[in-house]
Amino acid sequence: MPELPEVETVRRQLEKVIVGKEIARIEVFKAKSWSGEIPTVLHQQVKGVNRRSKVLLIRLTNDLTLMVHLKMSGQLIYVDGAFRTGGGHPTADWIQELPSSHTRIAFTFTDQTKLFFNDQRIFGWVRAVNNHLAEQSLEGLAPDVIDPAITAEYLFQKASKRKMPIKQFIMDNQIVAGVGNIYACDALNLAKISPLRPASSIPKAEMELLLKSMREVVELGIELGGATAHGKYVHVSGLAGKYQDRMRVYDKKGQPCPNCGKMIIKIKLGGRGTFYCPTCQI
DNA sequence: GAGAGTGTTGTAAC
DNA sequence: GGTTACAACACTCT
């Protein structure tokens, strides 16, 4: 689930439904998914919901922050009585009882609404830390790709000493945050740049085009509520996103390239599936 | 049964 | 010290 647009979508939906609510109860079903002192979080109100890269920051009244990372398969699902909130269309496997076998943590608010943290692969986590610690742990993260602090000049400079493939370069959170595998593949296709090119070989003008392309696909992703890739087993706050219908090359091996109509191929790069068009991405 | 999956992090080797 | 490569995390689906 988590690419930046998915996390931002969750953030926006959460903001609408949990700000102002008081946490009455926390059930931890999987110890590995949680860290923090539960009593410090109880009876606190949610002040706001922020995001930094792919980390959600749920701010509480006592200067504590609940940091949430969904990693590969996490979901935050808000349940208000019998209905899930949001806007959009529930998917078929929504008709399930919560907590489910993948529920790792459940928050209950004083008005009896609930927030479930589901995570199939248990890579994700929720941490209750004080604000200072939260900031500290985010220090190494570069600004988001949609942050004006990221400029083509900055990327060009950073890339100048890097021989690593450009795709790995733009997915490096210490360079620029928020570009995951799907959006990296799509941005490179939009910019017509081969994912294999060494980062240092990209001239400034092309870097400008690449940055513009990264922003374009990420912003489209946010607009469409993120992607729900690989069919059904991932949802955005319980609702399917629509970006998957607009993906350019990701998961489209053998299909025609949106630029030139030639066939998209799949390779492995840095251990990750990488889709691109060898005809026009050069 | 093998391999792959939307993400990070730690370690080891250059 | 900077950069790069790769395994590991744990589980489900193809």
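Not measured: the values here are computed from a predicted model. Order of the sequence lines fixes the chain letters, A, B, ..., with proteins taken first and strands second; residue numbering starts at 1 for each chain.
- Proximity of A/Arg162 to the phosphate of C/dT3: a side-chain N or O atom is located under 4.0 Å from OP1 or OP2.
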Self-check item: salt bridge (Lys or Arg N to Asp or Glu O under 4.0 Å) assessment of A/Asp186 paired with A/Arg246
Solution: CA-CA 10 Å; A/Asp186 277 10; A/Arg246 302 284 288 277; over 6 Å; no
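- Side-chain atoms of A/Arg272 and base atoms of B/dG5 include no donor and acceptor less than 3.5 Å apart.
- In this structure, the nucleotide among C/dA10, B/dT6, C/dT4 sitting nearest to the side chain of A/Lys163 is C/dT4.
- Using cut-offs of 30° and 60° for the angle between ring planes, the A/Tyr183 and A/Tyr243 rings count as tilted.
- Distance A/Phe275 CZ to B/dT6 C1': 11 Å, rounded to the nearest Å.
- Rounded to a whole Å, the CG atom of A/Asp119 is 13 Å from the C1' atom of B/dG5.
- Of the candidates B/dT6, C/dC11, B/dG7, B/dG7 carries the atom nearest the A/Met171 side chain, counting heavy atoms from C-beta on.
- With a 3.5 Å ceiling on both atom-pair distances, the Watson-Crick or G-U wobble partner of B/dT9 is C/dA7.
- The side chain of A/Tyr250 approaches B/dG5 more closely than any other nucleotide in the set B/dG5, C/dA10, C/dT12.
- Residues A/Val145 and A/Val55 are members of separate hydrophobic clusters, defined by side-chain heavy-atom contacts under 4.5 angstrom among Ile, Leu, Val, Met, Phe, Trp and Tyr.
- Each of B/dT6, C/dT4, B/dG5 was ranked by its minimum atom distance to the side chain of A/Glu3; first place goes to B/dT6.
- In this structure, CZ of A/Phe169 is placed 14 Å from C1' of C/dG2, rounded to the nearest angstrom.
- A/Met72 has its CE atom 14 Å from the P atom of B/dT9, to the nearest Å.
- Between A/Asn173 and the phosphate of B/dT8, there is a side-chain N or O to OP1/OP2 separation shorter than 4.0 Å.
- At a threshold of 4.0 angstrom between heavy atoms, the contacts of A/Gly273 are confined to the sugar-phosphate backbone, with no base atom among them.
- Residue A/Lys266 places at least one side-chain N or O closer than 4.0 Å to OP1 or OP2 of B/dG5.
- Of the candidates C/dT4, C/dC11, B/dG7, B/dG7 carries the atom nearest the A/Lys54 side chain, counting heavy atoms from C-beta on.
- Atom pair A/Asn118:CG and B/dT6:C1' shows a separation of 17 Å (rounding to whole Å applied).
- In this entry the distance linking NZ of A/Lys253 with P of B/dG5 reads 10 Å, nearest Å.
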Self-check item: Test log, rule salt bridge (Lys or Arg N to Asp or Glu O under 4.0 Å), inputs A/Glu15 and A/Arg12
Solution: CA-CA 5 Å; A/Glu15 192 171 47; A/Arg12 291 180 185 184; over 6 Å; no
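- Using a 3.5 Å distance cut-off with no hydrogens or angles, the side chains of A/Arg59 and A/Thr65 do pair a donor with an acceptor.
- Contact between the side-chain N/O atoms of A/His102 and the OP1/OP2 oxygens of C/dC11 is not found at any separation under 4.0 Å.
- For A/Ile267 and B/dA4, the CD1 to C1' distance is 16 Å, given to the nearest whole Å.
- Atom C1' of C/dT4 sits at a distance of 23 Å from the matching atom of B/dT6, rounded to the whole Å.
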